[in-house]
Trainee: 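Okay, handing you the structure first.
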There are 2 protein chains.
Amino acid sequence: MTDRRQFRDLASPAEARDAIESLDLSPDDETVPLDEARGRVLAERIDATLDVPGFDRASVDGYAVRAADTFGADEADPVVLDQVGTVHAGAEPDVEVTEGTCAEISTGAVMPPGADAVVMVERTDEVDAGIAIRTSVAPGDRVMVAGADVAAGSRALGPGTLLTPREIGLLSALGIDAVPVRGTPTVGIVSTGDELVRPGDDLNSDAGQIYDVNSYTIAAGVEEAGGEAVLYPHAGDDYDEMERLLVEAADECDLVLSSGSTSASAVDVIYRVIEEEGELLLHGVSVKPGKPMLVGRLGEARDASHSAYIGLPGYPVSALTIFRTFVAPAIRSAAGLPAPQTATVEGTMAVQERYSEGRTRLMPVGLVDDGAGETLVYPVDKGSGATTSLVEADGVVEVDADTEYLAEGETVTVQLFSPDVRAPTLFGVGEDDPALSRLIDHVERPRYLDVGSRQGRRRLRDGVPDVAVVSGPSDREVDAVDLGGWTREWGLIVPAGNPDDIEGLADLVDRDLRFINRAMDSGLRASLDAALDDVAADRDADRRDLTDAIDGYGLTVKGFESPARKVLAGDAAAGLGLRATADALDCEFVSLGTESVRVLANPERTDKPGVESLRSVLDTHLDDTVASLAGFDA
Amino acid sequence: MTDRRQFRDLASPAEARDAIESLDLSPDDETVPLDEARGRVLAERIDATLDVPGFDRASVDGYAVRAADTFGADEADPVVLDQVGTVHAGAEPDVEVTEGTCAEISTGAVMPPGADAVVMVERTDEVDAGIAIRTSVAPGDRVMVAGADVAAGSRALGPGTLLTPREIGLLSALGIDAVPVRGTPTVGIVSTGDELVRPGDDLNSDAGQIYDVNSYTIAAGVEEAGGEAVLYPHAGDDYDEMERLLVEAADECDLVLSSGSTSASAVDVIYRVIEEEGELLLHGVSVKPGKPMLVGRLGEARDASHSAYIGLPGYPVSALTIFRTFVAPAIRSAAGLPAPQTATVEGTMAVQERYSEGRTRLMPVGLVDDGAGETLVYPVDKGSGATTSLVEADGVVEVDADTEYLAEGETVTVQLFSPDVRAPTLFGVGEDDPALSRLIDHVERPRYLDVGSRQGRRRLRDGVPDVAVVSGPSDREVDAVDLGGWTREWGLIVPAGNPDDIEGLADLVDRDLRFINRAMDSGLRASLDAALDDVAADRDADRRDLTDAIDGYGLTVKGFESPARKVLAGDAAAGLGLRATADALDCEFVSLGTESVRVLANPERTDKPGVESLRSVLDTHLDDTVASLAGFDA
């Protein structure tokens, strides 16, 4: 624990941006085929080298004529011309139009010699003597002259132009099949930390292993920013291995990102590698989260190509936030890409948020559409170790170091995690329930946070969510519109065969059986406590006496399936849960009753499309859904 | 010309959308590796199958303790515990914490048996007797319990979720390395028309050949909409070839688009193929442009797989407009993708626009930022044959069939050609000039339309563009801020060696020499006419007499290089142009004078960033630019 570096002199966010701007991560320009050019950025100006069209062309189907021959013609008194031939698109005319004659011509065909106008077919008739022309035309009518669209020598597209379908259309018209574009920055990602395992591999939780979240998350972010991500094998905290991987990545990439390790010792190892194999420009930024960010260059000490280097924090939300705020703009700029249009949205704070830590804060927030055109913004603070904040937050609000609080109703700018992120159509909170999670599959882009029934009621009262789903007894009344609900059977989940012969709560109180409970916010827990009150009343005892006697009453777990999984794993004799869960996981079930689950809507949001959608899903899918779950009833 | 089908009973746009919705172009779901999942859409709900974290973990670096041992400890009066071991992240603890002891622990490491809290390292010191703990902690402090982030069995992501970096992060945390996603619709593109040549191949303009614009444009649009484009070899107007290609494409793709041909006879051929090889649901839509759109199914007549079919109009702007309006939404929907957020922008009409044709109109428009936060919208109508409207327009405004006009200042919704499209930073109009086209290379995302000096003055007066660039004499005054300018030497461009010994304008008047002029809007043309006035005055003649005597005075071409190119091609003895052009194209030059080119800014837009940028480019790059061009001077 000695010799650990402390980040005492933290750089400001502006200094961090300057340090990153001083890095060179621009790749060389390259030439790509036109059919792979979409989304790329022109490296050079493109001038037209030919006229478009390259010849005088008919702009309608009809007859090529000498305009002078049509003077005076009209519907009633047509001029009849002698048809001397036909000109098709894509063919060289083999006919000349002389006085008193015409040639049939297709749209886009070359004007035959002698002709100076086209009469559209709708104004003509075939008659015995030839072609009756029923209108008079002027020279140039229905003819597009050579170069009228694009003149040879003119500036077609400027350097730095983002190539969308329309630019690709103009380049096609100019006959260009390969275009000089800005190169794609290659970004190497080295994840570090002895505890990390690649998704798909087996995990040993007893040895503290966790899946590597940052590698794929940041790789996706790199590609969204216009870079090409290169994933390197995961490095442990060993100096030599880390050095070998970082130098290899520096040799092959324009930018190397390290990420993954949350422990200070691993950060120390990286720090030493950068100092010895390159140059460290900055360590530590006065921003929360993200303090341990590193900026530097790598590979300069060796006689090889080198690259820019940025070290990201280890926690996924911190890593993605720092990536989005500091790194993605640098990658976009190296690729020549403009900032995406939807990178930010404006919203109003749904609640007051206090803060005073003397560092710029990148506060993770969620978005709610209030149904009246306003976007509400609420802080999501689950601690940086939680990966679920990745999907529960939509972006960050940058709060100045000297801002003490954001007031409710204050306008803030949210930097979205990705340009594609948008507010969910429905924002629900409350009880964790298997019927609910199936029902919201039918709603487009919902967000549901299983914070429990008690928290659900509290948050609905505060006016942030659209709906709260609650179960179990409560003495808290909330002003809401009841959209419907169902009942579910709850009780004790025990191993198959019920080896301990558990018959009810009395067994937990009176015998030495390990129990797994749910947290206070859960509606199931409220039902359990009410049932314990009944037992206590029967025994003329205090509930506290009973709960003290239950081994594990204070051991609470998060999800509705979690107690059953503990029972399955042999860690407990009984767990609080639903008959449906016991059924799904092949456990035995000791019923203790049923409780009602209600879907309560924010009274001001009942017209919001997402709420309407949930209401109609309840109408159409509730019966099927509860029928598929044991112990559920509509 | 007989038997040509006319589209008399046009479907409404709503009927066209219904017909397209009735087609099935959804591919099968598929499974992709996580590192290729960005931008894809989940086909199924993903439930967590494990707890995250999978064990109780330390959330800081520090010491794992029994909380009870720390009660009463503070800065002044620490408790000293005996360190019995160390637990690293990614390792199974080999130590138990008993009363009076502690274990060093890294962030993310497994809590050792016996410990129930972590004291952060900053609140500890190593002392001779052990580890001094300078704070008291409660059970659970700085510990993240198993499943606290994600509980096994909980709903992680719903079906239909678009996978951005944050969702990929959550999937990583769950150890998922392959995800079930909606398939990517494959869209075959068959371009038709005898006159089309693929970009990159040689073009025979005399035979009326043009480059195929639609294939690559629509392919890029397909990919932008989330489909996979498959380009088929270009088909001529021959029935058998078209049938073979369309059936092959139907066999291999979910949707076949035909495009490219503007001639009614080619459309007839496709029409017959669809009727014989599939089913035609709709022909002709009451929308401008896009009347000849076809909707149907292909390949059903054969015992093979079949596909949806949509026939696009032949003109590129029409094709892209119809694609964007009717086809892209169907591809997105088949891919499960939501409509892009930036698909539309609101703006106000910069001018009045009249219309009454009884068809829904998809009016191509350009966008201008007025510098005061408003987006101005102006119609771009160059005729559907012009490919330049692709880049001069930014999108379309849908105007109802019964709307007679859009008023100036009216709010309209613009459907952008692509989500990445945005208003240019600088919108300039006016004279075609080689110095200008180099200077604006230094401005980010400019748009410049070379409509000539006369049109430039007119449009600046109407208040739409930010700047007009004008040259030559004019009797039209315009209220503007002069940002600067340069002079350019103009005259007659003649073949190398000046074979006709042309010395000035008198040669054109008095001798039989073919001349190529510029159009009336050009500043160069105004300078020429002023010089002809001088010759006329010298001869005591009328200018008209002189111009009648010049062979080709009425033959005007578009670009400033175009006359020189005609001279080079042997089509004329002399062309109106600049010394710089003669120089660049190795022609000889007969000087007739110099004219001043001025950059005039809209007085209300001088603070607009794009105008500021142009002003500073004039400061920094004008001298270098004119020095590189013969006959130019600052």
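In what follows, every chain begins at residue 1, and chains take the letters A, B, ... in the order their sequences are listed.
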Trainee: Using modelled atom types only, decide if a donor and an acceptor are shared between the side chain of B:Asp149 and the backbone of A:Thr387 within a distance under 3.5 Å.
Mentor: yes
Trainee: When heavy-atom pairs shorter than 4.5 Å are enumerated against chain B, which of A:Gly559, A:Ala37, A:Gly208 gives the highest number?
Mentor: A:Gly208
Trainee: Given heavy-atom pairs under 4.5 angstrom as the criterion, report whether the side chain, backbone, both or neither of A:Ala109 touches chain B.
Mentor: neither
Trainee: Test: side chain to side chain donor-acceptor pair (under 3.5 Å). Region: residues 152-178 of chain A. Which pairs qualify, not counting sequence neighbours?
Mentor: A:Arg155-B:Asp441, A:Thr164-A:Glu167, A:Arg166-B:Asp394
Trainee: Would the number of heavy atoms belonging to other residues, nucleotides or ligands and lying under 6.0 Å from CD of B:Gln83 be above 12?
Mentor: yes
Trainee: Can you tell me which portion of A:Leu157 sits under 4.5 Å from chain B's heavy atoms? Options are side chain, backbone, both or neither.
Mentor: side chain
Trainee: Which one wins on heavy-atom pair count under 4.5 Å against chain B: A:Gly39, A:Ala152, A:Gly160, A:Gly54?
Mentor: A:Ala152
Trainee: Would you call B:Glu195 and A:Ser106 a side-chain contact if the rule is heavy atoms closer than 4.5 Å?
Mentor: no
Trainee: Name the region of A:Ala584, side chain, backbone, both or neither, that has any atom closer than 4.5 Å to a heavy atom of chain B.
Mentor: neither
Trainee: Quick check: closest heavy atoms across A:Ser437 and B:Arg45, and the distance to 0.1 Å?
Mentor: O-NH1, 3.3 Å
Trainee: Going by side chain to side chain donor-acceptor pair (under 3.5 Å), name the residues that satisfy it together with B:Ser215, two or more places apart in sequence or in a different chain.
Mentor: B:Ser191, B:Asp212
Trainee: Quick one: what part of A:Phe560 sits under 4.5 Å from any heavy atom of chain B, side chain, backbone, both or neither?
Mentor: side chain
Trainee: Can you find a heavy atom in the side chain of B:Tyr216 that is under 4.5 Å from one in the side chain of A:Pro33?
Mentor: no
Trainee: Report which part of A:Val145 has an atom under 4.5 Å of a heavy atom belonging to chain B: side chain, backbone, both, or neither.
Mentor: neither
Trainee: What's the spacing between B:Arg422 CZ and A:Leu162 CG if we round to 0.5 Å?
Mentor: 7.5 Å
Trainee: Is there a side-chain contact between A:Tyr315 and B:Thr107, using heavy atoms and a 4.5 Å cut-off?
Mentor: yes
Trainee: Under a 4.5 Å cutoff for heavy-atom pairs, which residue among B:Pro159, B:Pro340, B:Gly147 has the most contacts with chain A?
Mentor: B:Pro159
Trainee: Which of these, B:Leu320, B:Leu390, B:Val421, sits in a side-chain contact (heavy atoms from CB on, under 4.5 Å) with A:Pro165?
Mentor: B:Leu320
Trainee: Determine the option with the most heavy-atom pairs under 4.5 angstrom with chain B, choosing from A:Met111, A:Arg198, A:His442, A:Glu561.
Mentor: A:Glu561
Trainee: Is the shortest side-chain heavy-atom distance between A:Ile210 and B:Phe55 below 4.5 Å?
Mentor: yes
Trainee: Heavy-atom distances under 4.5 Å only: say whether B:Pro434 touches chain A with side chain, backbone, both or neither.
Mentor: neither
Trainee: What residue in A:Arg445, A:Glu44, A:Arg438, A:Arg324 has the most heavy-atom pairs under 4.5 Å with chain B?
Mentor: A:Arg438
Trainee: Please name the pair of heavy atoms, one in B:Ala207 and one in A:Val110, separated by the smallest distance, quoted to 0.1 Å.
Mentor: C-CG2, 3.8 Å
Trainee: So which part of B:Asp51 gets closer than 4.5 Å to some heavy atom of chain A, the side chain, the backbone, both or neither?
Mentor: side chain
Trainee: Would you mind telling me which of B:Val197, B:Val557, B:Leu50, B:Val213 has the largest number of heavy-atom pairs within less than 4.5 Å of chain A?
Mentor: B:Val213
Trainee: Which of the residues A:Ile168, A:Asp206, A:Val87, A:Thr124 is involved in the greatest number of heavy-atom pairs with chain B at under 4.5 angstrom?
Mentor: A:Asp206
Trainee: Among B:Val150, B:Ile440, B:Asp450, which has the most heavy-atom pairs under 4.5 Å with chain A?
Mentor: B:Ile440
Trainee: Please classify the contact between A:Asp47 and chain B as side chain, backbone, both or neither, with a heavy-atom cut-off of under 4.5 Å.
Mentor: neither
Trainee: For the residue pair B:Leu171 and A:Pro199, establish whether any side-chain heavy-atom pair is separated by less than 4.5 Å.
Mentor: no
Trainee: Any chance you could measure A:Glu223, atom CD, to B:Asp35, atom CG, to the nearest 0.5 Å?
Mentor: 8.0 Å
Trainee: Could you state the interatomic distance from CG (B:Leu163) to CG (A:Asp420), rounded to the nearest 0.5 Å?
Mentor: 10.5 Å
Trainee: Pick whichever of A:Ala151, A:Ser205, A:Ala219 has the most heavy-atom pairs under 4.5 Å with chain B.
Mentor: A:Ser205
